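Notes follow the structure.
Keep in mind it's a predicted model, so treat the numbers as computed, not measured. For the single chain, residues carry numbers from 1 onward in sequence order.
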Amino acid sequence: AGTVSMRDSERSDNSHDIPLGQIEKNVSDIESIEEHKSQISVKEHSDKNLETSLVTITESTDDGRGLIRLDSTKELTFREILRQLSKNQDYMVLMMSMSLMYFITAGVLFWTPNYLDQVLGAKKEEAVSIFSFVAATGPLSGFIVSGKVLSYLGGANTIAGQKAIMVNGWFCVVMVIPIPFVTDCRIFGFFIWILLFCGAFAIPAFTVIMLSAVPDHLRASSNSIANTCYNFLGWMPPPAVYGLISNLLDGNETIGPVM
């Protein structure tokens, strides 16, 4: 009788047991639910971070940097691109500075042969050889040395690189002061070579800093607009402007100091 009652008790206890496979399935479902909850939590957290970052970008774009980052998927019109770039002071100052540098360079290249011939009295062969050497080697040397120096200093956006650009600019200013007062053709060519060298030294650095001042999605457009300004404001006007000044002076003896 005792044995029978013990068996009945075991059967009644086993009747409440859950099969092992069902337990594993329930545990797997619970784990998947917990994982799904964690994914939802992470997604909500990332969405909040994204919203915060977008708001931060919107609130810190008074100078034109990072504008339309909220509308990055929207294709901008040319007028919107111009509006954003015109608000970027760094970009505008550097673009106009480089346009002025091209203006000076084009004017020097236009004016130098005539100055050598009619003011300094150089023979035509000598004037051509001096001008050809200066125009060919000055800018090329400036580009090469600029790349080497700025790479050694860590780039144009570093403090050391920008100091090198500033030193180059002041050195150029000092070296061009004697140009109107020089009477020897070779010394004159040397100072013009320094002028072209220093200008070419600054152009790559200015380009890097200028493009770094605009957001990524505007860099291609900003570079195209800058090159258009270089052509229309830098390379095209100098021959007409310098020719007009020469005609107004009505004499080549005074054109040197004026230039």
Side-chain angles (χ1 to χ4, degrees), residues 53 56-57 59-69 72 81-109 112 133-179 189-235 238:
S53 62
T56 303
I57 291 172
E59 291 176 351
S60 62
T61 52
D62 293 337
D63 60 347
R65 298 184 187 181
L67 279 173
I68 313 300
R69 195 59 73 84
S72 58
I81 293 173
L82 286 179
R83 179 176 58 83
Q84 293 182 49
L85 292 177
S86 64
K87 294 180 179 180
N88 192 322
Q89 295 181 358
D90 294 341
Y91 172 79
M92 293 299 297
V93 169
L94 288 169
M95 183 185 68
M96 297 307 298
S97 299
M98 292 182 66
S99 298
L100 181 60
M101 290 175 59
Y102 284 121
F103 182 91
I104 296 172
T105 302
V108 167
L109 295 177
T112 297
F133 176 80
V134 169
T137 61
L140 180 61
S141 302
F143 284 127
I144 295 174
V145 174
S146 176
K148 297 292 185 180
V149 171
L150 294 177
S151 297
Y152 176 78
L153 296 176
N157 286 316
T158 61
I159 300 297
Q162 293 175 4
K163 287 182 178 179
I165 299 169
M166 184 178 65
V167 170
N168 171 77
W170 282 111
F171 175 74
C172 180
V173 170
V174 172
M175 295 300 291
V176 300
I177 291 176
I179 288 178
F190 169 76
F191 284 118
I192 295 295
W193 190 93
I194 293 294
L195 171 64
L196 297 178
F197 174 88
C198 293
F201 184 94
I203 285 175
F206 281 3
T207 303
V208 171
I209 298 173
M210 180 186 69
L211 295 180
S212 300
V214 298
D216 294 343
H217 64 283
L218 291 179
R219 286 184 179 176
S221 301
S222 63
N223 190 40
S224 300
I225 293 171
N227 279 278
T228 302
C229 291
Y230 301 157
N231 290 320
F232 281 97
L233 302 178
W235 290 111

Where is the tightest heavy-atom contact between [X] and [Y], given as atom of each residue plus distance?
X	Y	value
Met210	Tyr230	CE-OH, 3.6 Å
Val134	Pro139	O-CD, 3.7 Å
Leu233	Met96	CD1-CE, 3.9 Å
His217	Gln84	NE2-OE1, 4.4 Å
Ser146	Ala200	CB-O, 4.5 Å
Met101	Ala202	CE-CB, 4.0 Å

| request: State, without any angle test, whether Asn227 and Asn223 hold a side-chain donor-acceptor pair at a distance under 3.5 Å. | output: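 Their side chains do contain a donor-acceptor pair, which is all the 3.5 Å distance test asks for.
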| So Ile179 and Ile192, side chain to side chain contact (heavy atoms under 4.5 Å, CB included) or not? Walk me through it. | CA-CA 8 Å; Ile179 288 178; Ile192 295 295; 3.8 Å; yes
So, the side chain of [X] versus the backbone of [Y]: is there a donor-acceptor pair under 3.5 Å, distance only?
X	Y	result
Tyr91	Ser222	yes
Asn88	Ala213	yes
Thr105	Tyr102	no
Asn168	Cys198	yes
Thr158	Gly155	yes

| Run the side chain to side chain contact (heavy atoms under 4.5 Å, CB included) check on Leu153 and Lys163 step by step: do they pass? | CA-CA 10 Å; Leu153 296 176; Lys163 287 182 178 179; over 6 Å; no
| request: Look at atom CZ of Phe143 and say whether more than 12 heavy atoms of other residues, nucleotides or ligands are closer to it than 6.0 Å. | output: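 Enclosed.
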Measuring from atom [atom1] of [X] to atom [atom2] of [Y], what distance do you get when rounded to the nearest 0.5 angstrom?
X	Y	atom1	atom2	value
Lys148	Leu150	NZ	CG	12.0 Å
Ser99	Ile104	OG	CD1	11.0 Å
Ile177	Phe191	CD1	CZ	10.5 Å

| message | Are Val108 and Leu195 packed together at the side-chain level, in the sense that at least one heavy-atom pair is separated by less than 4.5 angstrom? | response |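 When only atoms from C-beta onward are counted, Leu195 and Val108 do touch, with a gap below 4.5 Å.
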| field | Close side-chain approach of Trp193 and Ser141, heavy atoms under 4.5 Å | value |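 Yes, at least one pair of side-chain atoms sits under 4.5 Å.
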| field | Results of side-chain hydrogen bond (donor to acceptor under 3.5 Å, both in side chains) for Ser97 - residues two or more places apart only | value |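 Ser97 satisfies side-chain hydrogen bond (donor to acceptor under 3.5 Å, both in side chains) with no residue once adjacent residues are dropped.
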| request: Kindly determine whether Val145 and Phe201 satisfy side chain to side chain contact (heavy atoms under 4.5 Å, CB included), including the steps that lead there. | output: CA-CA 7 Å; Val145 174; Phe201 184 94; 4.1 Å; yes
| query | Who pairs with Ile81 by side-chain contact (heavy atoms from CB on, under 4.5 Å), at least two apart in sequence or on another chain? | reply |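 Leu76, Leu85, Leu218, Ser221, Ile225.
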| task | Could you walk me through whether Phe197 and Thr137 pass the side chain to side chain contact (heavy atoms under 4.5 Å, CB included) test, one step at a time? | result | CA-CA 8 Å; Phe197 174 88; Thr137 61; over 6 Å; no
